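Data first, discussion second: the structure below is written as structure tokens.
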2 protein chains.
Amino acid sequence: MSPRPMARPGGRSARVQESVHAAVRELVAEVGRDALTVPMVATRAGVTPSTIYRRWGDLQELLSDVAVERLRPETDPADLGSLRADLDAWAEQFLEEMASPPGRAYIRDALLGDPDGTNAGQCSAYAAQQIDVVLARAVRRGEPVPERELLIDRIVAPIMYRILFRPGRLDAAYARELVTNAVCAQQTAAGARHPQR
Amino acid sequence: MSPRPMARPGGRSARVQESVHAAVRELVAEVGRDALTVPMVATRAGVTPSTIYRRWGDLQELLSDVAVERLRPETDPADLGSLRADLDAWAEQFLEEMASPPGRAYIRDALLGDPDGTNAGQCSAYAAQQIDVVLARAVRRGEPVPERELLIDRIVAPIMYRILFRPGRLDAAYARELVTNAVCAQQTAAGARHPQR
DNA sequence: GCCTAGAAGCAACAAAATCGCATTAAGGTG
DNA sequence: CACCTTAATGCGATTTTGTTGCTTCTAGGC
């Protein structure tokens, strides 16, 4: 998943990978992302720089790997008894995490060192999974549910667009408004469109 | 706007800036973005590397400046006689330009070397301006119009999100669908919300 | 308990970024 | 229009980073 070939995942390689990732996390906290250099990470990790250059290519790809790990959701969305409540809570938390300074930094890093889009795809997959969990619960309850793609377009996309492209603040009220507009639309114009794979 | 302090914009500074930007455009076409280096750009531009390092900081910020210039729309959206037609045409063209390989590259570059979000903000401002032109015309015709923010959330954001985070293809039908859903919503749930400045 | 091949270490090398100092030229001033 | 101030560039020395060939080590398969 993370480094280039990902052959031979056990033993020493795994130790090196973990050691390097840990070094990145520590050093980002200590000296800041901007002061980070590959030799610095290598020293902290007890590894030679050439190992990092060979496995990750450059600092950006390494940071991208670390960022994606941190963007992985740790728990499933809470079950609050209804689709609307679940979506509200999830969207609020999602916005809060992503719009926070560290969240913004991780998003940028994840996109940055990602030549083939693998890591970016992983980020969107995380959000899609979380939404799927919420939708599956609603289906089990017998509620009518909108399509996952609609929710991504109406909730996730606006949040991420504003984080990346627009300077202004984002608050929980905005998240709730997006949810309102998204679930309102489910019977009007949701339809069988844009399957995206 | 582009370089750091932007004091003393006339004369030599302006010539250097234009020369460096031109060198970047030429070399990207010739050797590709990945092979580009600051010393290479400096040589082509007839400038010393330290000049580039001092004015732009690093290659990414320079590429970001060049990318934003290229993302500036060259013409106003076409006037086709109705809001719906204008939006359809604009969204199709916007998607086509942004989702094309060079468009994707410019977007990435613009976001990449942009510590303070200035260039990203400029990109979203371009889209907002284009939308404003379309809306102003519709108002002049007496058509009911949705809010600009709603169109950004419903049309621009999904397109950009998919370009950045999702691997799949994007086609004109998707753009039209987004427009349909956006204009449908204008009387239902558009309301006085999320002003964002 | 051997092989084998992928991964890491090491060191010399090449290329890049940084920095102090000298020089140039914009833009303002009298 | 000559002069002055100061931002911006040029230049070169120095430091740091990135690359490469080769050796050594070890995980995984026999």
Side-chain angles (χ1 to χ4, degrees), chain A residues 1-24 26-28 30-66 109 112-115 118, chain B residues 1-24 26-28 30-66 109 112-115 118:
Chain A
M1 231 142 283
S2 283
R4 295 286 186 66
M6 203 48 191
R8 193 163 292 191
R12 185 162 71 158
S13 289
R15 278 198 304 278
V16 166
Q17 151 133 354
E18 178 45 36
S19 163
V20 168
H21 277 215
V24 168
E26 292 168 22
L27 286 170
V28 164
E30 288 174 28
V31 306
R33 185 178 281 72
D34 295 341
L36 216 63
T37 67
V38 170
M40 193 184 300
V41 174
T43 302
R44 173 67 64 102
V47 169
T48 61
S50 60
T51 294
I52 295 181
Y53 287 122
R54 275 197 265 251
R55 279 188 62 166
W56 282 278
D58 61 14
L59 187 61
Q60 289 184 351
E61 293 187 46
L62 173 55
L63 284 171
S64 181
D65 276 354
V66 174
D109 284 344
L112 231 82
D114 190 22
T118 306
Chain B
M1 235 141 281
S2 280
R4 295 286 184 66
M6 203 49 189
R8 193 163 288 191
R12 186 163 70 157
S13 289
R15 279 198 303 279
V16 166
Q17 153 133 355
E18 178 44 38
S19 163
V20 168
H21 276 215
V24 168
E26 292 167 22
L27 287 169
V28 164
E30 289 174 27
V31 306
R33 183 178 280 74
D34 295 341
L36 215 62
T37 68
V38 170
M40 194 184 299
V41 173
T43 302
R44 173 66 63 102
V47 169
T48 61
S50 60
T51 293
I52 295 182
Y53 288 121
R54 276 196 270 249
R55 280 187 62 165
W56 283 277
D58 61 12
L59 187 61
Q60 290 184 350
E61 292 187 45
L62 174 54
L63 284 171
S64 181
D65 278 353
V66 174
D109 285 344
L112 232 80
D114 190 21
T118 306

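Residue numbers start from 1 in every chain, and the chains themselves are labelled A, B, ... in the order their sequence lines are given, proteins ahead of strands. All figures in this text were calculated on a predicted structure; none of them were measured in a lab.
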Please tabulate the protein-to-nucleotide N/O contacts below 3.5 Å involving nucleotides 9-11 of chain D, giving atom names and distances.
from: D:dT9; atom 1: OP1; to: B:Arg55; atom 2: NH1; distance (Å): 2.5
from: D:dT9; atom 1: O4'; to: B:Arg12; atom 2: NH2; distance (Å): 3.4
from: D:dG10; atom 1: OP2; to: B:Thr48; atom 2: N; distance (Å): 3.2
from: D:dG10; atom 1: OP2; to: B:Thr48; atom 2: OG1; distance (Å): 3.3
from: D:dG10; atom 1: OP2; to: B:Thr51; atom 2: OG1; distance (Å): 2.7
from: D:dG10; atom 1: N7; to: B:Arg54; atom 2: NH2; distance (Å): 3.4
from: D:dG10; atom 1: O6; to: B:Arg54; atom 2: NH2; distance (Å): 2.7
from: D:dC11; atom 1: N4; to: B:Ser50; atom 2: OG; distance (Å): 3.2
from: D:dC11; atom 1: N4; to: B:Arg54; atom 2: NH2; distance (Å): 3.4

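- Rounded to whole Å, atom P of C:dT18 lies 13 Å from atom CD1 of B:Ile52.
- In this structure, A:Leu62 CG and A:Asp109 CG are separated by 10.0 Å, a value rounded to the nearest 0.5 Å.
- Side chain of A:Ser64 to backbone of A:Leu112: no donor-acceptor contact under 3.5 angstrom is found.
- Closest approach of B:Pro39 to B:Pro49, counting heavy atoms only: CA-CG, 4.3 Å.
- Over its length, the helix from C:dG1-D:dC30 to C:dG30-D:dC1 turns its helix axis by 40°, as judged from the five terminal pairs at each end, rounded to 10°.
- Between A:Val41 and A:Val20 there is a side-chain heavy-atom pair separated by less than 4.5 Å.
- Two residues are said to be in side-chain contact when any heavy atoms from C-beta on lie closer than 4.5 Å; A:Val16 and A:Arg55 meet this criterion.
- For the pair B:Met40 and B:Val31, the minimum side-chain heavy-atom distance is below 4.5 Å.
- Residue A:Leu63 holds its CG atom at 9.0 Å from CG of A:Asp58, rounded to the nearest 0.5 Å.
- Going from atom CZ of B:Arg44 over to atom CG of B:Leu36 covers 10.0 Å, rounded to the nearest 0.5 Å.
- Here CD of A:Gln17 is found 7.0 Å from CG of A:Asp65. Values are rounded to the nearest 0.5 Å.
- One can place CZ of B:Arg15 at 9 Å from P of C:dA25, the figure rounded to the nearest angstrom.
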Show me the protein contacts with nucleotides 14-18 of chain D, counting only N or O atoms at under 3.5 Å.
from: D:dT17; atom 1: OP1; to: A:Thr37; atom 2: OG1; distance (Å): 3.3
from: D:dG18; atom 1: OP2; to: A:Tyr53; atom 2: OH; distance (Å): 2.1
from: D:dG18; atom 1: O5'; to: A:Tyr53; atom 2: OH; distance (Å): 3.1

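- Computed from coordinates, the A:Asp34 CG to C:dA17 P distance equals 16 Å when rounded to whole Å.
- Side-chain contact between A:Leu59 and A:Thr37 is absent, with no heavy-atom pair separated by less than 4.5 Å.
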